[in-house]
Asks: 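Have a look at the structure that comes next, please.
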2 protein chains.
Amino acid sequence: MGTPLPRDPIADAQRNWERHGWGDVAAPMAAITAIMRTQQILLARIETVLKPFGLTFARYELLALLSFARSGALPMNKASALLQVHPTSVTNAVDRLEKAALVARSPHPTDGRTTLIELTAEGRTLAKKATAALNTEVFGKSGFGPDDVDHLIRVLGTFRRDAGDFED
Amino acid sequence: MGTPLPRDPIADAQRNWERHGWGDVAAPMAAITAIMRTQQILLARIETVLKPFGLTFARYELLALLSFARSGALPMNKASALLQVHPTSVTNAVDRLEKAALVARSPHPTDGRTTLIELTAEGRTLAKKATAALNTEVFGKSGFGPDDVDHLIRVLGTFRRDAGDFED
DNA sequence: GCAATATACTAGGACATCCAAGGGTTTGGA
DNA sequence: TCCAAACCCTTGGATGTCCTAGTATATTGC
């Protein structure tokens with residue numbers, strides 16, 4: 001966290017794998033570990049930018065999703081599916097966003113089982129501001145070159161489809 | 001979670017970004033979101049493999065790190081730095097590993113402030129077994145082609161260095 | 001030598017994620 | 001028609017991560 005290490009710990013791990021006779025999976029291990037660590041760094045950056053807005057990444061994602069829904073409202077289970085998180089995580093996020101008056105729960109008109117989440121006016125405004133901040137502070141300064149971005153989108157897209165995220 | 005979506009939600013988000021006039025950061029946004037989601041998928045796979053061993057990824061990482069230390073022991077702060085996690089997370093992991101008799105705390109011989117974490121015999125055995133399982137079940141079936149693995153290691157390595165993880 | 005600063009670990013709290021279980025609602029087949 | 005299966009959401013419990021604060025030990029400077 002604080003001081004940079006003298007050497008890349010993941011490269012060291014890769015060498016350890018090779019040294020122990022696991023050379024055939026050393027490279028994938030390093031790639032996967034690098035993805036884990038990169039996610040950690042990116043999440044920290046995102047949360048730092050969102051903190052002044054009183055948002056976490058999970059809550060921001062929900063706000064952003066709602067702001068793109070044509071009606072500004074979505075059933076909980078749809079949100080869960082689109083965000084690819086457990087339904088209980090959505091319940092948790094909605095609880096907190098509702099306390100902050102950024103979203104509101106309302107019953108589904110025809111299906112008594114489902115609950116609709118609707119963006120409030122404040123919620124829509126905050127989503128806009130937070131998105132602008134993320135665009136300039138994180139996405140606009142990703143550090144990835146254009147070619148690398150395209151490659152990541154393609155490779156990780158294939159991975160996610162193979163993992164069963166979507167059919168396309 | 002269960003059923004695949006008909007379309008890639010991240011590609012949809014990218015289109016939404018472009019539609020709202022944020023085309024200049026739409027691609028990095030998609031790449032970053034894909035990294036977040038890929039990490040989630042990989043973590044779930046890893047935890048599934050580790051569950052039978054009574055381990056989580058955090059605890060496994062600590063065990064693996066100790067198993068590669070020449071003496072089989074490391075100070076807490078070293079472990080925290082090498083794993084790139086907060087010191088309190090290491091305390092948490094050590095607490096649970098110690099309860100399971102996989103590691104043991106011992107005082108540092110010369111520095112009364114530091115605590116050494118040492119692998120027990122069972123800990124070393126379990127680390128071996130868990131690593132073998134991860135190698136065959138996760139790293140050996142990553143789904144990334146060799147060229148993609150190399151590219152990921154290079155691109156994410158540059159990113160992590162620029163983020164201040166290491167100097168190299 | 002002693003005070004001030006730095007370092008190492010731990011305790012408590014806030015969040016997020018998942019799983020298992022429970023209660024209400026809808027649907028579809030006997 | 002009616003009841004069982006399927007579905008939707010929530011609650012409670014376990015884990016992990018971070019932050020802030022507190023305690024104990026080392027090191028530095030006067």
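First the proteins, then the strands, lettered A, B, ... as listed; each starts at 1.
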Asks: Name the closest nucleotide to the A/R113 side chain, picking from C/dC15, D/dA6, D/dC9.
Replies: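 The answer is D/dA6.
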Asks: In whole angstrom, what separates A/L62's CG from D/dC9's P?
Replies: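 Checked: the CG to P distance equals 12 Å.
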Asks: Between the side chains of A/E47 and A/K51, is the shortest nitrogen-to-carboxylate-oxygen separation below 4.0 Å, so that they form an ion pair?
Replies: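 Between A/E47 and A/K51 there is no salt bridge, as every charged N stays at least 4.0 Å from the carboxylate O atoms.
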Asks: Out of C/dC9, D/dT17, C/dA16, which nucleotide sits closest to the side chain of A/N92?
Replies: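 Out of C/dC9, D/dT17, C/dA16, the nucleotide with an atom closest to A/N92's side chain is C/dA16.
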Asks: C/dA8, OP1 or OP2 - any side-chain N/O from B/H108 closer than 4.0 Å?
Replies: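 Checking B/H108 against C/dA8: no side-chain N or O falls below 4.0 Å of OP1 or OP2.
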Asks: Could you tell me the separation between the CD atom of A/E47 and the C1' atom of D/dG16, rounded to a whole number of Å?
Replies: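 For the pair A/E47 CD and D/dG16 C1', the rounded distance is 14 Å.
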Asks: Which part of the nucleic acid, if any, lies within reach of B/T91 when heavy atoms closer than 4.0 Å are counted: base, sugar-phosphate only, or nothing?
Replies: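 Result for B/T91 = base.
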Asks: Show, in sequence, the C-alpha distance, side-chain angles and deciding distance for B/E122 and B/T125, and conclude whether the side-chain contact (heavy atoms from CB on, under 4.5 Å) test is met.
Replies: CA-CA 5 Å; B/E122 302 103 287; B/T125 301; 5.6 Å; no
Asks: Taking B/R37 first and then A/D165, would you say they form a salt bridge - that is, a charged N and a carboxylate O separated by under 4.0 Å?
Replies: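 A salt bridge is present here (some side-chain N lies under 4.0 Å from a carboxylate O).
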Asks: 5'-most contact on DNA chain D: A/L116 or B/G112, nearest heavy atom basis?
Replies: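 It is A/L116, whose closest nucleotide lies nearer the 5' terminus.
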Asks: Across the strands shown, which category fits A/T88 at heavy-atom distances under 4.0 angstrom: base, sugar-phosphate, nothing?
Replies: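 If one applies the 4.0 Å heavy-atom cut-off, A/T88 turns out to touch a base.
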Asks: CD of B/E61 versus C1' of D/dG16: gap in Å, rounded?
Replies: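 Answer to the nearest Å: 12 Å.
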Asks: For A/S89 and B/N77, find the nucleotide of DNA chain C closest to each by heavy atoms; which residue's nucleotide sits nearer the 5' end?
Replies: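 Going by which nucleotide is closer to the 5' end, it is B/N77.
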Asks: Would you say B/V149 ends up clustered with A/I10 if hydrophobic residues are merged whenever their side chains have heavy atoms under 4.5 Å apart, either directly or through other cluster members?
Replies: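 No; tracing contacts between hydrophobic side chains, which count when under 4.5 Å, never links both residues.
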Asks: So which nucleotide from D/dT10, D/dT20, C/dC19 ends up closest to the side chain of A/H86?
Replies: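 Of the options given, the side chain of A/H86 lies nearest C/dC19.
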Asks: With heavy atoms under 4.0 Å as the rule, sort B/Q40 into base, sugar-phosphate or nothing.
Replies: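 Since only primed, P, OP1 and OP2 atoms lie under 4.0 Å of B/Q40, the category is sugar-phosphate.
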Asks: Using a strict 4.0 Å threshold on nitrogen-to-oxygen distance, state whether A/E98 and A/R105 make a salt bridge.
Replies: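 Salt bridge between A/E98 and A/R105, a charged N being under 4.0 Å from a carboxylate O: yes.
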Asks: Roughly, in whole Å, what's the span from CZ in B/R105 to P in C/dA8?
Replies: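 To the nearest whole Å, that distance equals 16 Å.
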Asks: Where does the angle between the aromatic ring planes of A/W17 and B/F68 fall among parallel (under 30°), tilted (30 to 60°) and perpendicular (over 60°)?
Replies: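 A/W17 and B/F68: tilted rings.
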Asks: Using a cut-off of less than 4.0 Å, is there contact between a side-chain N or O of A/R59 and OP1 or OP2 of C/dA14?
Replies: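 Looking at the OP1 and OP2 atoms of C/dA14, neither is under 4.0 Å from any side-chain N or O of A/R59.
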Asks: Would you say B/R96 reaches D/dG16's phosphate, i.e. side-chain N/O to OP1/OP2 under 4.0 Å?
Replies: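 Looking at the OP1 and OP2 atoms of D/dG16, one of them is under 4.0 Å from a side-chain N or O of B/R96.
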Asks: Just how far, in rounded Å, is P of D/dG16 from CD of A/Q39?
Replies: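 Nearest whole value for this atom pair: 16 Å.
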Asks: Classify A/D111 by what it touches in the nucleic acid, base, sugar-phosphate, or nothing, heavy-atom distance under 4.0 Å.
Replies: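 A/D111: backbone/sugar contact only, no base atoms under 4.0 Å.
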Asks: Taking CE from B/M36 and P from D/dT17, how many angstroms apart are they, rounded to a whole number?
Replies: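 That distance rounds to 15 Å.
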Asks: Check whether any side-chain nitrogen or oxygen of B/T114 sits under 4.0 Å from OP1 or OP2 of D/dT25, and answer yes or no.
Replies: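 It does not, given that no N or O in the side chain of B/T114 lies less than 4.0 Å from OP1 or OP2 of D/dT25.
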Asks: Without decimals, in angstroms, what is the distance between A/F57 CZ and D/dT17 P?
Replies: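 Result: 18 Å.
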Asks: Which is true for B/T48 with a 4.0 Å heavy-atom rule: it touches a base, it touches only sugar-phosphate, or it touches nothing?
Replies: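 Nothing, no heavy atom under 4.0 Å.
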Asks: Find which nucleotide of DNA chain C each of A/T110 and A/A58 is nearest to by heavy atoms, and output the residue with the more 5' nucleotide.
Replies: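 The residue whose closest nucleotide sits nearer the 5' end is A/A58.
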Asks: Send over the distance from B/I46 CD1 to D/dT15 P, rounded to a whole Å.
Replies: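 Atom CD1 in B/I46 sits about 19 Å away from atom P in D/dT15.
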